[in-house]
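Following: one structure in structure tokens, then a few remarks.
Any value given below was found using the heavy atoms of this structure, including those in side chains, with hydrogens, waters and symmetry copies removed.
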Amino acid sequence: VNGIREKDIVLYIAQNLGNKIKKDHPEIEVVYTRDTDVFIPLNDRAKIANEKTADLFISIHANSAGSSQAYGTESYVLGLHRSKENLDVAKRENSAILMEDDYHLKYEGFDPNSAESYIALTLQQSVFLDQSLSMASKVQDELLKEGSRNRGVKQAGFLVLYKTTMPSVLIETGFITNTKEGRFLNKEENRSSISNGIVTAFNQYKMEIDNLYAPNSSSTSNGKNGVVGK
């Protein structure tokens, strides 16, 4: 849109976020689903996270809408669609599978443009829903401090979150179809501010999880791997 490409915006944010996490927490392994200008199939993004037994999956995006008036940030976790708007966002993000060869076979006939395809998908409720919601809420709180309009934490059927076996969030950092917000996202200093907000949310989330899995707790976690990706 107006020369602004989502893939450039989110790669910068993801790399910046990963570098900040590694600086704050040298003990954490940050794994990128991509760190160059390449396309990674949605299925493979979840596979990378699962094979690394990651403790958190962060999927970073820039939003779009038919109306240029839409703006603001919103964060998603896997779940039931609460509105047509949520379904529309999931359809746009899931349509990336159309770039993949044999997507009908890989995704068992899933059609990203068919509402019916989401029925079975949204029946799968993540066992990590509470933790995913906690991270998503923290991201929204921090990005609101950066001056963004808070569009809230929502649930929808995203393929990239569907097969992850850890707490997972999908962050829509803003609308490139909104002239003002598109220009904002196109500036490196603003992308850096967004990554600062996400890393602050991550630090808060990590502290919460560390307390949850403290030595006197009966829960267990390896507590060392994180994944950031688009």
Side-chain angles (χ1 to χ4, degrees), residues 6 9-14 16-18 20-21 33 42 45-46 49 54-65 70-94 96 118 121-122 124-164 166-178 181 184-185 190-209 226-230:
E6 180 194 18
I9 292 171
V10 298
L11 180 59
Y12 183 95
I13 293 173
N16 211 26
L17 172 60
K20 292 175 187 297
I21 290 175
T33 52
L42 299 190
R45 301 177 199 184
D55 294 297
L56 177 66
F57 182 84
I58 303 173
S59 188
I60 302 170
H61 297 259
N63 216 336
S64 64
Y71 70 100
T73 61
E74 53 194 22
S75 295
Y76 284 88
V77 300
L78 180 66
L80 297 171
H81 306 298
R82 302 301 181 188
S83 69
K84 180 180 180 299
E85 181 185 32
N86 293 8
L87 176 60
D88 289 343
V89 175
K91 283 183 177 181
R92 284 197 299 272
E93 298 297 355
N94 290 340
Y118 290 84
L121 183 65
T122 55
Q124 298 293 328
Q125 291 295 314
S126 171
V127 295
F128 301 107
L129 182 59
D130 288 345
Q131 292 178 18
S132 299
L133 286 170
S134 176
M135 177 61 185
S137 296
K138 290 173 173 53
V139 168
Q140 286 303 115
D141 288 344
E142 292 305 317
L143 294 187
L144 183 61
K145 294 177 183 177
E146 298 296 329
S148 175
R149 176 194 177 199
N150 186 359
R151 294 174 61 92
V153 174
K154 304 176 181 180
Q155 293 180 260
F158 291 97
L159 284 173
V160 73
L161 303 183
Y162 170 52
K163 292 192 175 182
T164 54
M166 73 285 301
S168 304
V169 297
L170 186 148
I171 304 168
E172 295 284 4
T173 57
F175 286 78
I176 59 174
T177 45
N178 178 281
E181 199 158 63
F184 178 88
L185 291 170
N190 296 329
R191 298 180 197 178
S192 182
S193 294
I194 291 172
S195 63
N196 285 338
I198 299 173
V199 79
T200 299
F202 172 82
N203 290 337
Q204 295 168 354
Y205 174 82
K206 182 180 183 301
M207 184 178 298
E208 181 177 277
I209 296 301
V227 168
V228 201
K230 160 63 182 84

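Across all their heavy atoms, V169 and S132 have their closest contact at CG1-O, 3.3 Å. Across all their heavy atoms, F175 and L185 have their closest contact at N-CD1, 4.1 Å.
We find the CZ-OG1 distance between R45 and T164 to be 12.5 Å, quoted to the nearest 0.5 Å. The distance from atom CG of L170 to atom NZ of K154, rounded to the nearest 0.5 Å, is 12.0 Å. The structure places CD of E142 at 9.5 Å from CG of N203, a figure rounded to the nearest 0.5 Å. The distance from the CD1 atom of I194 to the CD1 atom of I13 is 4.0 Å, given to the nearest 0.5 Å. How far OG1 of T73 is from CD of E181: 7.5 Å, rounded to the nearest 0.5 Å. We find the CD-CD1 distance between E6 and I60 to be 11.0 Å, quoted to the nearest 0.5 Å.
The shortest side-chain heavy-atom distance between L143 and I171 falls under the 4.5 Å cut-off. Between V77 and F128 there is no side-chain heavy-atom pair separated by less than 4.5 Å. Under the 4.5 Å side-chain criterion, counting only non-hydrogen atoms from C-beta, M135 is not in contact with P167. Contact of the Y205 side chain with the V139 side chain is not registered, since no non-hydrogen atoms from C-beta on lie closer than 4.5 Å. Annotation: side chain of F158 is not in contact with side chain of S168 (no heavy-atom distance under 4.5 Å). Within the 4.5 Å cutoff, side-chain heavy atoms of F202 are placed close to those of L56. Proximity of L129 to Q155: side-chain heavy atoms (C-beta onward) are separated by under 4.5 Å at one or more points.
With sequence neighbours left out, the salt bridge (charged side-chain N to carboxylate O under 4.0 Å, His left out) criterion links K138 to E208. Residues forming a salt bridge (charged side-chain N to carboxylate O under 4.0 Å, His left out) with E172 (at least two apart in sequence, or on another chain): none.
Side-chain atoms of Q140 do not come within 3.5 Å of backbone N or O of N150 as any donor-acceptor pair. Looking at S134, its side chain never comes within 3.5 Å of a backbone N or O of D130 through a donor-acceptor pair. Side-chain N or O atoms of E74 include none that pairs as donor or acceptor with a backbone N or O of R151 at under 3.5 Å. When atom types are taken as modelled, the side chain of T177 and the backbone of A65 share a donor-acceptor pair closer than 3.5 angstrom. Under a 3.5 Å cut-off, the side chain of N190 and the backbone N or O of F184 do form a donor-acceptor pair. In this structure, T173 contributes its side chain and H61 its backbone to a donor-acceptor pair below 3.5 Å.
Remark: Y71 OH is loosely packed, at most 12 non-hydrogen atoms of other residues, nucleotides or ligands lying under 6.0 Å away.
For the side chain to side chain contact (heavy atoms under 4.5 Å, CB included) criterion with K20, the lone passing option out of V199, T200, I198 is V199.
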